[in-house]
Engineer: 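Take a look at the following structure, please.
What you are looking at is a predicted structure, and each value in this text was computed from that prediction instead of being measured.
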Amino acid sequence: MVQIKVYGNRSVWGGRRTEVSDALHEALVRTWQLPAEKRFHRFLLLDDGDLVAPRSDAYLVVEIVCFTGRGREAKRALIAALYDDVAPRLGLPADDLEVVILESPRENWGIRGVSGDELALSYRVDV
């Protein structure tokens with residue numbers, strides 16, 4: 001299971017949600033073999049002044065919340081894809097993109113009425 005939270009200024013990113021979502025999802029499908037139909041993205045766009053950071057107005061934070069199990073190389077591959085492919089596609093310099101991967105054991109999730117460790121997935125999380 002992977003969920004993405006995207007934080008940025010509404011004035012910059014409000015009209016580009018689909019573009020951002022598509023770019024992020026393509027990177028996840030390619031690097032983590034996430035099924036194409038498993039897209040869970042939330043945009044937490046803020047009014048100007050509500051995102052305080054010493055960066056440009058286009059500053060974007062991508063928080064990836066997922067089950068534990070992916071190896072170090074898989075996480076590095078995703079981060080590289082975000083900087084090498086997604087940032088340029090969105091016109092972002094590396095300084096304006098920050099990424100964090102937050103992992104949680106499957107038993108800490110509740111999905112479709114069961115604990116995450118009881119959930120049968122159609123894809124692997126140990127890539």
Engineer: Working to the nearest 0.5 Å, report the span between CH2 of Trp32 and NZ of Lys38.
Structural biologist: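 Those atoms lie 16.0 Å apart.
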Engineer: Does a side-chain heavy-atom distance below 4.5 Å link Arg89 with Asp22?
Structural biologist: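 Of all side-chain heavy-atom pairs linking Asp22 with Arg89, at least one is under 4.5 Å.
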Engineer: Return the CD to CG distance between Glu26 and Leu34, rounded to the nearest 0.5 Å.
Structural biologist: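 So the CD of Glu26 and the CG of Leu34 are separated by 12.5 Å.
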Engineer: So which heavy atom on Ser21 is nearest to which on Arg39, and how close?
Structural biologist: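 What the structure gives for the nearest pair is OG-NH1, 2.9 Å.
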Engineer: To the nearest 0.5 Å, what is the distance between CG (Leu92) and OG (Ser56)?
Structural biologist: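 Answer rounded to 0.5 Å: 7.0 Å.
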Engineer: Keeping the roles fixed (side chain from Tyr59, backbone from Asn9), state whether a donor-acceptor pair exists under 3.5 Å.
Structural biologist: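 Such a contact is absent between Tyr59 side chain and Asn9 backbone.
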Engineer: Roughly how far, to the nearest 0.5 Å, is CD of Glu63 from CG of Leu102?
Structural biologist: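 That separation rounds to 5.0 Å.
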Engineer: To the nearest 0.5 Å, what is the distance between CG (Leu60) and CG (Leu24)?
Structural biologist: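 Going from CG on Leu60 over to CG on Leu24, the span is 7.5 Å.
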Engineer: Kindly check if the number of other-residue, nucleotide or ligand heavy atoms within 6.0 Å of CG (Asp84) is above 12?
Structural biologist: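 Atom CG in Asp84 is crowded, with more than 12 foreign heavy atoms closer than 6.0 Å.
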Engineer: Scan for salt bridge (charged side-chain N to carboxylate O under 4.0 Å, His left out) pairs involving residues 9-19, sequence neighbours excluded, and state none if there are none.
Structural biologist: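 Passing the test, one end in residues 9-19: Arg10-Asp47, Arg16-Glu19.
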Engineer: Check whether any side-chain heavy atom of Leu78 lies under 4.5 Å from a side-chain heavy atom of Leu28, and answer yes or no.
Structural biologist: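 The answer is yes; the side chains approach within 4.5 Å.
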Engineer: Got Tyr83 and Leu97 here, is their nearest side-chain heavy-atom distance under 4.5 Å?
Structural biologist: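 Side-chain contact under 4.5 Å: yes.
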Engineer: At their closest point, which heavy atom of Ala77 faces which heavy atom of Thr31, and how far apart are they?
Structural biologist: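 Heavy atoms only, the tightest pair is O-CG2, 3.7 Å.
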Engineer: Under the side-chain contact (heavy atoms from CB on, under 4.5 Å) rule, what do Ile64 and Val100 come out as? Steps first, then yes or no, please.
Structural biologist: CA-CA 6 Å; Ile64 300 158; Val100 62; over 6 Å; no
Engineer: List the atom of Leu51, the atom of Gly8, and the distance in Å for their closest heavy-atom pair.
Structural biologist: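 Leu51 and Gly8 have their closest heavy atoms at CD2-CA, 3.8 Å.
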Engineer: Would you find more than 12 non-hydrogen atoms of other residues, nucleotides or ligands less than 6.0 Å from Arg76 atom CZ?
Structural biologist: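 For Arg76, atom CZ is not crowded (no more than 12 foreign heavy atoms under 6.0 Å).
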Engineer: Between His41 (side chain) and Lys5 (backbone), is there a donor-acceptor pair under 3.5 Å?
Structural biologist: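 No, because the side chain of His41 does not come within donor-acceptor range (under 3.5 Å) of the backbone of Lys5.
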Engineer: Side-chain contact test, heavy atoms from C-beta onward, threshold under 4.5 Å: evaluate it for Phe43 versus Val20 and give yes or no.
Structural biologist: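 Answer yes - side chains close enough.
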Engineer: Could you tell me whether the side chain of Val2 reaches within less than 4.5 Å of the side chain of Val65, counting heavy atoms only?
Structural biologist: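 Side chain of Val65 against side chain of Val2, heavy atoms only: no contact under 4.5 Å found.
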Engineer: Quick one: does any side-chain atom of Trp13 pair with a main-chain N or O of Ala58 as donor and acceptor, under 3.5 Å?
Structural biologist: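 Yes.
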Engineer: Check whether any side-chain heavy atom of Val62 sits under 4.5 Å from a side-chain heavy atom of Glu98, and report yes or no.
Structural biologist: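 In short, these two side chains do not touch, never coming nearer than 4.5 Å.
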Engineer: Please tell me if the side chains of Val6 and Val61 come closer than 4.5 Å, counting only heavy atoms from C-beta onward.
Structural biologist: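 The answer is no, as the side chains (C-beta and beyond) never meet within the 4.5 Å cut-off.
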Engineer: Tell me, please, which residues at least two apart from Glu103 pass side-chain contact (heavy atoms from CB on, under 4.5 Å).
Structural biologist: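 Result, side-chain contact (heavy atoms from CB on, under 4.5 Å) vs Glu103: Cys66, Thr68, Lys75, Ile101.
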Engineer: Could you report the tightest heavy-atom contact between Ala23 and Val86, atom names first, then the distance?
Structural biologist: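 Closest approach of Ala23 to Val86, heavy atoms only: O-CG2, 3.4 Å.
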Engineer: Would you please test Arg106 and Ser115 for side-chain hydrogen bond (donor to acceptor under 3.5 Å, both in side chains) and show each step?
Structural biologist: CA-CA 7 Å; Arg106 289 176 67 156; Ser115 176; over 6 Å; no
Engineer: Are Asp85 and Arg30 close enough that some pair of their side-chain heavy atoms sits under 4.5 Å apart?
Structural biologist: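 They are in contact (side-chain heavy atoms under 4.5 Å apart), so the answer is yes.
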